[in-house]
Amino acid sequence: QVQVVESGGGLVQPGGSLRLSCAASGSIFRINFMGWYRQAPGKERELVASITSGGSTNYEDSVKGRFTISRDSAKNTVYLQMNSLKPEDTAVYYCNVVIGTMTRRENKYWGQGTQVTVSS
């Protein structure tokens with residue numbers, strides 16, 4: 001009933017920038033958490049950046065100072081601004097949305113993923 005859609009991926013040269021967007025739609029009571037994960041071939045999916053409903057942010061060490069997560073609560077959208085991109089940032093990036101319900105249960109939803117390729 002909740003749809004999560006990512007966009008903004010693509011091919012960029014090392015040192016370049018991209019901005020990813022993640023929009024959640026459907027039956028949403030409250031978004032407790034929005035996070036960006038990435039998965040490269042042969043590797044486990046890892047949390048890159050996250051933001052809570054209160055605005056608290058968290059970053060994986062390798063992206064600190066380069067990536068910035070932000071949100072537009074009115075649009076149920078989260079962004080990931082990626083600067084100074086490196087080849088090791090190449091991965092499929094997934095948006096995860098955790099929605100709270102009136103029964104205090106949390107439901108997690110994943111987007112389909114967007115490919116980010118950093119290469120010359």
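Side-chain atoms are counted along with the backbone in the values below, which use heavy atoms only and exclude waters and symmetry mates.
- The side-chain tip of Arg19 points at the ring of Tyr79 from less than 6.0 angstrom away and within 45° of straight on.
- In this structure, the side chains of Val92 and Arg45 stay at 4.5 Å or more apart for every pair of heavy atoms.
- In this structure, Tyr37 is not a member of the same hydrophobic cluster as Val118, with clusters built from ILVMFWY side-chain heavy atoms closer than 4.5 Å.
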Apply side chain to side chain contact (heavy atoms under 4.5 Å, CB included) to residues Tyr93 and Leu80 and explain how you reach the verdict. CA-CA 10 Å; Tyr93 284 70; Leu80 185 66; 4.3 Å; yes

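- Two residues are said to be in side-chain contact when any heavy atoms from C-beta on lie closer than 4.5 Å; Leu20 and Met82 meet this criterion.
- If you take CD1 on Ile31 and CD on Glu106, they are separated by 12.0 Å, rounding to the nearest 0.5 Å.
- Looking at Trp36 and Leu47, their side chains never come closer than 4.5 Å, going by heavy atoms from C-beta outward.
- In this model, a donor atom of one side chain and an acceptor atom of the other lie less than 3.5 Å apart for Asn83 and Ser17.
- Salt-bridge annotation for Asp89 and Lys86: absent, with no side-chain N of the basic residue lying under 4.0 Å from a carboxylate O of the acidic one.
- Between Ser53 and Arg30 the shortest side-chain heavy-atom distance falls below 4.5 Å.
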Please report the C-alpha distance between Val78 and Cys95 in whole Å, then the side-chain angles of each, then the deciding distance to 0.1 Å, and finally whether the side chain to side chain contact (heavy atoms under 4.5 Å, CB included) criterion is met. CA-CA 9 Å; Val78 65; Cys95 181; 3.9 Å; yes

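- Heavy-atom contacts from other residues, nucleotides or ligands closer than 6.0 Å to CD of Glu88 number more than 12.
- Across every non-hydrogen atom of Arg66 and Ser84, the tightest pair is NH1-O, 3.0 Å.
- For the residue pair Ser119 / Thr117, no side-chain donor-acceptor distance below 3.5 Å is found, with atom types taken as modelled.
- With contacts defined as side-chain heavy-atom distances shorter than 4.5 Å, the pair Phe67/Leu85 qualifies.
- Contact check for Thr90 versus Val116: no side-chain heavy atoms found under the 4.5 Å cut-off.
- Annotation: the span from Ile99 atom CD1 to Ser27 atom OG amounts to 8.0 Å, rounded to 0.5 Å.
- Using modelled atom types, no side-chain atom of Glu60 and backbone atom of Lys64 make a donor-acceptor pair closer than 3.5 Å.
- Ring pair Tyr94/Trp110 is perpendicular by interplanar angle, where above 60° counts as perpendicular and below 30° as parallel.
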Worked verdict on Cys22 versus Val5 for side chain to side chain contact (heavy atoms under 4.5 Å, CB included): CA-CA 6 Å; Cys22 170; Val5 179; over 6 Å; no

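- When side chains are defined from C-beta on, Met34 does not count as touching Val98, because their heavy atoms never get closer than 4.5 Å.
- Residues Asn96 and Tyr109 have side chains not in contact (no heavy-atom distance under 4.5 Å, counting atoms from C-beta outward).
- Checked by atom type and distance alone, the side chain of Glu6 pairs as donor or acceptor with a backbone atom of Gln112 at under 3.5 Å.
- For the pairing with Asn76, the side-chain contact (heavy atoms from CB on, under 4.5 Å) check across Val2, Ile28, Val4 returns one residue only, Ile28.
- Judged purely by atom type and a 3.5 angstrom limit, Arg71 has no side-chain atom pairing as donor or acceptor with the backbone of Thr77.
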